[in-house]
Amino acid sequence: MLDLKNLRDNFDDIKKMLSSRGYNIDEDSFKSLDKKRKVLQVTVEDLQADRKKLSSEFGKLKASGESVDELKTIIDETNTKLDENDKELQSILKDLNNLLLDIPNIPDQSVPNGRDENDNVVIKKYGSITSKNTLDHLEITNDIDTDIAAKIAGSRFSVLKGELPKLQRALISFMIDNAVKNGYEEYYVPFMANADSLIGTGQLPKFEEDLFKANENLYLIPTAEVPLTNLFRDEFVNENELPIKVTSHTPCFRSEAGSYGKDTRGLIRQHQFEKIELVQLTKPENSMTCLDNLLSNACQILDLLELPYQVIELCTGDLGFSSAKTFDIEVWMPSQNKYREISSCSNFTDFQARRANIKYKTKDGNHFVHTINGSGLAVGRCLIALIENNYDGSDIIKIPSCLEKYFGSDQIKIN
RNA sequence: GGAGAGUUGGCUGAGUGGUCGAAAGCGCCUCCCUGCUAAGGAGGUAACUGGGUAACUGGUUCGAGGGUUCGAAUCCCUCACUCUCCGCCA
């Protein structure tokens, strides 16, 4: 959520910055709503002040035993006027708030200008592509079974068998341990979240169709970003504890509405997948440095797994709703002969903190923290990258040395 | 599922329908004392938001939403959540 005051004061600048990411703010409706708001609010507050004074006079008169009839008439009139104006004000405030909840974050100055994903900028490529494999993960192993998962649940689910469940656990443990080494505190969190939490991190109200709804007020989490960030919702955090770094492994649930026909094969796009999430709360002045730090924490996983990848910076037009700046990490997928997203690391500046009301106190007042998060990493995609990049072409998948102590072997032999 | 208790500032916790945004304590800030630290003393310290160039000055908020009333933290109703006990259960 943007700062309303800031939007009012710097409307033209903000409008311009938002249009760089493809969002056109409705200038007429915003300005006319805010104008009405101002008039009504002043009226209502004046009437409230009147009522306060009159009521206390009423009390005094009554206490001294004098007649209150005349005063009561005046009060009744005031109250009637107040009711009328207040109703109108409330409805305008609601509209204004809905309009505000709908506006995406302002891109950081440093974000390259662009229209869509084609204008994203490759920052750096890491590792060398050595795999000559062209088979995809379903062709390499039979232990990823999407047919049987379809029987249990439907499309976009999978069952892992053989050595793969263990390999997935190994990846999870390895990633969490690595995050902890990098100073993140591990949490176990609910896999469902209420509407307030999802509004806090920006999934609601705009993107409800992307979520699985469990009941009236509970949704399955699409990422651990939701519970981890909402640990701090409506809290003041200690200034001297910043940056706060937290992590969690959770399954993630996404309805993938709107992606029909896209990535239908294999593990690449599932309704349910495992992910390790990294979240930082920082002071505003440090948030870009912290984003770099978080990005390097995520990259380190792929370095250690010895998988080739590239880091790209999203252009203004491809930024997510809540993000001011985003780097995607893309891992090499031999079967697709291209890089695919495996992590998205973003600085949300105060956008989420404002929605979730996460602040810290200093001598000169209260400030919203900045929030930064990213995957460290998406486990399902990591699993298939590992399988496809490390397949020797006949019957062996090599396990990188960093996983050996978790997996207990340096290879998987395919039956 | 049954029975009961509760939800008040950064935290703990008082609170009589008007003088309550709210006692007290903790914490925090400023100052005094002190060679330093600790202790002690004085004062200050809720959030959100409007108007105003400013000085300043309004309003809202005691879990949420309704209601009663001239006036609600306080009375009534509904809901959410938390806790305790009993039952059931991984």
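Letters A, B, ... mirror the listed sequences (proteins, then strands); counts begin at 1. Worth saying up front: this structure is predicted, and the values here are computed from it rather than measured.
Applying the salt bridge (charged side-chain N to carboxylate O under 4.0 Å, His left out) criterion to A:Lys283, with sequence neighbours excluded, gives A:Glu239. Take A:Glu163 and apply the side chain to side chain donor-acceptor pair (under 3.5 Å) test, not counting sequence neighbours, and it matches no residue. By the salt bridge (charged side-chain N to carboxylate O under 4.0 Å, His left out) test, A:Lys31 is found to be paired with A:Glu27, residues two or more places apart in sequence or in another chain being considered.
Counted by atom type alone, A:Asn347 and A:Ser287 present one or more donor-acceptor pairs between their side chains at under 3.5 Å. Between the side chains of A:Asn194 and A:Ser197, a donor-acceptor pair is found at a separation under 3.5 Å. A:Thr229 and A:Asn373 share no donor-acceptor pair across their side chains, judged by distance under 3.5 Å alone. Judged by distance alone, the side chains of A:Glu208 and A:Tyr219 do bring a donor and an acceptor atom under 3.5 Å apart. A:Ser322 and A:Gln352 are not linked by any side-chain donor-acceptor pair at a separation below 3.5 angstrom, with hydrogens and angles left out of the test. Remark: the A:Ser344 side chain and the A:Asp328 side chain contain an N/O donor-acceptor pair separated by less than 3.5 Å.
Judged by the 6.0 Å and 45° rule, A:Lys72 forms no cation-pi pair with A:Phe58.
In this structure, A:Lys53 reaches neither bases nor backbone, as no heavy-atom distance under 4.0 Å exists between it and the strands shown. Contacts of A:Asn366 with the nucleic acid, taken as non-hydrogen atoms under 4.0 Å apart, involve only primed sugar atoms and P, OP1 or OP2.
The separation between A:Phe232 atom CZ and B:rG10 atom C1' is 16 Å, rounded to whole Å. Note: CG (A:Leu61) to P (B:rU19) measures 16 Å, nearest angstrom. In this structure, A:Glu239 places its CD atom 14 Å from P of B:rC28, rounding to the nearest Å. We find that CG of A:Leu218 is positioned 13 Å from P of B:rA80, with the value rounded to whole Å. As rounded to whole Å, 19 Å separates atom P of B:rG18 from atom CG of A:Leu54. The distance between atom CG of A:Asn194 and atom C1' of B:rA64, rounded to the nearest whole Å, is 13 Å. One interatomic measurement links the two molecules: NE2 of A:His367 to C1' of B:rC48, which rounds to 16 Å at whole-angstrom precision. Going from atom CG of A:Asn215 over to atom P of B:rC81 covers 10 Å, rounded to whole Å.
For A:Met192, the CE atom is loosely surrounded, since the number of other residues' heavy atoms within 6.0 Å does not exceed 12.
Nucleotides B:rC62 and B:rA38 have their C1' atoms positioned 38 Å apart, rounded to a whole Å. When the C1' atom is used for both B:rG25 and B:rG9, the distance is 13 Å, rounded to whole Å. One P atom belongs to B:rC76, the other to B:rG6, and the distance between them is 12 Å to the nearest Å. Between the P atoms of B:rU8 and B:rU82, the separation comes to 14 Å (whole Å). Between B:rG63 and B:rG27, the distance separating the two P atoms is 26 Å to the nearest Å. Taking atom P in both B:rC75 and B:rU16, one finds a spacing of 8 Å when rounded to whole Å. Using atom P as the reference point in both B:rA23 and B:rG15, the two lie 14 Å apart (nearest Å). Look at the P atom in both B:rC28 and B:rG65: the space between them is 34 Å, to the nearest Å.
Secondary structure note: stems in RNA chain B built from 3 or more consecutive Watson-Crick or G-U wobble pairs under 3.5 Å occupy B:1-7 with B:80-86, B:10-12 with B:24-26, B:27-32 with B:40-45, B:46-51 with B:56-61, B:63-67 with B:75-79.
Between A:Lys161 and A:Ile148, every side-chain heavy-atom pair lies at or beyond the 4.5 Å cut-off.
RNA chain B is contacted by A:Lys72, A:Ile75, A:Asn79 of residues 70-79 of chain A, taking any non-hydrogen atom closer than 4.0 Å.
Annotation: A:Phe191 is not in aromatic contact with A:Phe253 [ring centroid separation under 6.0 Å not met].
With the nearest nucleotide of RNA chain B identified for both A:Gln48 and A:Phe368, A:Phe368 has the one nearer the 5' end. Nucleotides of RNA chain B nearest to A:Val44 and A:Glu57 differ in position, and the one nearer the 5' end is that of A:Glu57.
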Reading nucleotides 49-55 of chain B from 5' to 3' and marking B where a protein heavy atom lies under 4.0 Å of the base, S where only the sugar-phosphate is that close, and - otherwise, the string is SSSS---

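Listed pair A:Lys52 / B:rC70 fails the phosphate criterion, with no side-chain N or O lying under 4.0 Å from OP1 or OP2.
The A:Lys361 side chain lies nearest to B:rG10 when the options are B:rC48, B:rC70, B:rG10. Of the candidate nucleotides B:rU60, B:rC48, B:rC70, B:rC70 has the atom lying nearest to any side-chain atom of A:Phe58.
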